[in-house]
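Note sheet for the following structure.
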Number of protein chains: 2
Amino acid sequence: MRRKLTQRGRQRREQLMHRAARLFAERGYDPTSVADIVESLGVGKGVFYWYFTSKEELLAEILKASNHDLRRRQEAAIGDEPDPLERIAIGVRASLEWFRDHRDYFSIIQFAATDERFAPVLRRNRETALGDTIRHLKDAIVAGRIPDQDPEMLALAVLGVVEQLTRRYLVDGDEPVDRVGAAAVSFCLHGLGG
Amino acid sequence: MRRKLTQRGRQRREQLMHRAARLFAERGYDPTSVADIVESLGVGKGVFYWYFTSKEELLAEILKASNHDLRRRQEAAIGDEPDPLERIAIGVRASLEWFRDHRDYFSIIQFAATDERFAPVLRRNRETALGDTIRHLKDAIVAGRIPDQDPEMLALAVLGVVEQLTRRYLVDGDEPVDRVGAAAVSFCLHGLGG
DNA sequence: CCTCTTGTTGACCGGTCGGTCAAGTGCTCG
DNA sequence: CGAGCACTTGACCGACCGGTCAACAAGAGG
C-alpha cells in the first residue's frame with residue numbers, strides 16, 4: 001500500500017504500528033483482531049485499511065521497520081571501530097540495548113519466525129544480521145585473531161547466545177545491559193572456559 | 001480431560017496429537033482449525049472432543065509429551081557418564097538427534113514460547129532443560145573443570161547455541177548431526193577461540 | 001471561500017471457527 | 001447374547017473475524 005501521506009497521516013501510521021506491536025506482543029498476532037487495534041486507539045476500522053491493505057501487511061511492515069531500526073543502532077554504535085572482535089562485542093551490546101528498549105518486538109519476531117506467511121521477510125532480516133556478523137568474523141580470521149572455522153556456524157552460535165540471554169535477562173527479567181553484555185561477550189570469546 | 005481409554009482409544013489419541021503437530025508446524029497453531037485436523041484423518045469432529053476438551057489443551061499435551069520424550073532420550077544417552085562436561089556434550093548431541101527426528105516440534109515449541117496461553121507449560125519445560133544443564137555445570141565448577149561463573153548464564157548460552165544450530169542445520173537444513181554436534185560442543189567449550 | 005485530496009466513520013457481509021449434542025455404532029465382558 | 005460403555009457421526013450454533021464501502025469530515029492550497 002503506497003499512499004500520499006501528510007505529516008498527520010505519517011503519524012497515524014506509526015501510531016497504528018506501535019499500538020499493534022504492543023497488542024501482538026501481549027495477546028499474539030492471530031488472536032489480536034483488527035477491531036482490537038482500532039478500538040484500542042478509539043478510531044474506526046476504516047482508518048486501519050486506509051494505511052494498510054491487510055493485517056498481514058501490517059506485521060510485515062512492523063518487522064521491516066524494527067529490523068531497520070535495530071541495524072541502524074548497531075551501525076551507529078560500531079562506528080569505525082577497526083578491531084573485528086570489538087566490532088562484534090559492540091554490536092552485541094547495541095542489540096541488547098535495543099531489545100531492552102523494545103521488549104515487545106522480541107516475541108513478535110519469534111512468532112513471525114514460526115509462521116510461513118512471514119518467512120520471506122523474517123528470513124531476509126535474519127540473513128542480514130547473520131551476514132554482518134559473518135563479515136566481522138571473516139575479518140578476525142584473516143587477521144589471525146581467531147582460528148579458521150566456519151564463520152556461519154560461529155555467527156549462528158553468537159546470535160544464539162545473544163538471543164537466549166536477551167530473553168531471560170532483558171525481556172522476561174530486568175538485568176542491567178552491562179552485566180548481560182559482559183557475560184555474552186565473554187562466553188562468545190572463550191566458551192565455558194571463561 | 002481424563003477418560004478411560006481402551007488400546008484403540010490410546011492409539012486414536014496419539015494419532016490426533018501427531019497429526020495435529022504436523023499441521024501446526026505447517027500452517028501454524030491458530031490458522032489450523034479443529035476441522036482441519038479431523039478432516040485430515042477422515043473422522044468426525046466429535047472424535048476430537050472425545051479426547052481433548054479444547055484445541056488449547058491439545059497443544060499443551062503435545063508440548064508436555066514431546067518434552068518428556070526429549071528428556072528421556074537425553075537421560076538414556078547420558079547414562080552414568082561421570083564427567084560433567086561430557087554429560088553436557090552427550091546431552092547436546094542427543095537433543096540434536098531428537099530434533100532431527102522431530103523437526104515439526106521445533107517451530108511448535110517456538111510458537112508456544114511467544115503465546116501467553118502456553119507460557120505455563122512452556123516455562124516448566126524450559127526450566128527443566130535449564131535445570132539439567134545447570135546441574136552439570138555446577139558439577140564441572142566444583143570439579144575445577146571450568147572457572148566459577150554464573151551457571152544459569154552459561155546454561156542459557158549453551159541452549160542458545162544448540163537452538164540456533166538446530167534450526168539452521170537440522171530443521172531448515174539437513175546436515176549430519178555429528179558435524180553440527182561437534183561444532184556446538186566446540187563453541188560451548190572454547191567460544192570463538194576454538 | 002471553494003475544491004480536491006487526505007483522512008475517518010461504522011454498519012455491514014460472507015465466511016470460518018471452536019465447541020455442542022442427540023443419535024447412533026461397535027467392542028468387550030459378564 | 002445382551003447390556004453397557006467406549007467411541008463416532010455430522011448438523012448445528014453463536015461469536016467473531018478480516019475486509020468493504022458509501023457517506024462524510026477536515027484541512028491544505030489556490
Side-chain angles (χ1 to χ4, degrees), chain A residues 1-24 26-63 108 111-112 115-118 121, chain B residues 1-24 26-63 108 111-112 115-118 121:
Chain A
M1 165 105 46
R2 261 282 151 270
R3 258 196 217 285
K4 281 221 74 176
L5 296 183
T6 65
Q7 175 66 17
R8 179 165 152 249
R10 263 172 275 133
Q11 280 176 10
R12 183 66 100 192
R13 197 183 127 98
E14 279 216 0
Q15 191 187 26
L16 283 164
M17 287 173 67
H18 280 108
R19 182 58 59 98
R22 213 179 74 194
L23 296 177
F24 289 165
E26 283 168 5
R27 296 176 229 170
Y29 171 76
D30 283 307
T32 301
S33 68
V34 173
D36 287 336
I37 298 168
V38 295
E39 271 166 33
S40 141
L41 288 173
V43 299
K45 215 172 183 179
V47 170
F48 183 92
Y49 289 96
W50 178 257
Y51 295 99
F52 304 97
T53 55
S54 67
K55 202 173 96 170
E56 197 172 324
E57 190 202 61
L58 164 67
L59 180 50
E61 290 294 311
I62 290 175
L63 292 170
I108 297 175
F111 162 78
D115 195 302
E116 282 303 322
R117 289 171 285 179
F118 307 107
V121 194
Chain B
M1 164 108 43
R2 261 284 151 269
R3 258 196 216 283
K4 282 222 72 176
L5 295 183
T6 64
Q7 174 65 17
R8 178 165 153 249
R10 262 172 276 133
Q11 280 177 9
R12 182 67 99 191
R13 197 182 126 98
E14 278 217 1
Q15 190 186 27
L16 282 163
M17 286 172 67
H18 280 108
R19 182 58 59 96
R22 212 178 76 195
L23 295 177
F24 289 165
E26 284 169 3
R27 297 175 229 170
Y29 171 76
D30 284 307
T32 301
S33 68
V34 173
D36 287 337
I37 298 168
V38 296
E39 270 167 33
S40 141
L41 288 172
V43 298
K45 215 172 184 181
V47 170
F48 182 93
Y49 288 97
W50 178 258
Y51 296 99
F52 304 97
T53 56
S54 67
K55 201 174 97 169
E56 197 172 322
E57 191 202 58
L58 164 67
L59 179 50
E61 291 294 310
I62 290 175
L63 292 170
I108 296 175
F111 161 78
D115 195 303
E116 282 303 322
R117 289 171 286 179
F118 307 107
V121 194

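In what follows, chains are A, B, ... by sequence order, proteins preceding strands, each numbered from 1. Since we're looking at a predicted model, the values are computed, not measured. No hydrogens, no waters, no symmetry mates; every other heavy atom, side chains included, goes into these values.
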Next item on the list: Could you check R13(A), E14(A), Q7(A) and say which one makes a side chain to side chain contact (heavy atoms under 4.5 Å, CB included) with Q11(A)?
Entry: Q7(A)
Notebook entry, point to check: Taking protein heavy atoms under 4.0 Å as touching, what does nucleotides 5-23 of chain D look like 5' to 3' if B marks base contact, S marks sugar-phosphate-only contact and - marks none?
Noted result: -SBBBB------SBBBB--
Side chains of residues 38-47 of chain B: which donor-acceptor partners sit under 3.5 Å, not counting sequence neighbours?
from: S40(B); atom 1: OG; to: R19(B); atom 2: NH1; distance (Å): 2.5

Checklist line | Heavy-atom check, side chain of R12(A) versus side chain of R8(A), under 4.5 Å | finding: no
Next item on the list: Measure from CZ on F52(A) to P on dG7(C) and round the result to the nearest Å.
Entry: 12 Å
Checklist line | Nearest-angstrom distance from the residue atom CE of M1(A) to C1' of dG7(C) | finding: 13 Å
Next item on the list: Inspect the surroundings of CD in E26(B) and state if more than 12 heavy atoms from other residues, nucleotides or ligands are less than 6.0 Å away.
Entry: yes
Notebook entry, point to check: Going by the ring pair (Phe, Tyr, Trp, His ring centres under 6.0 Å) test, which pairs reach into residues 33-54 of chain A, not counting sequence neighbours?
Noted result: F48(A)-F52(A)
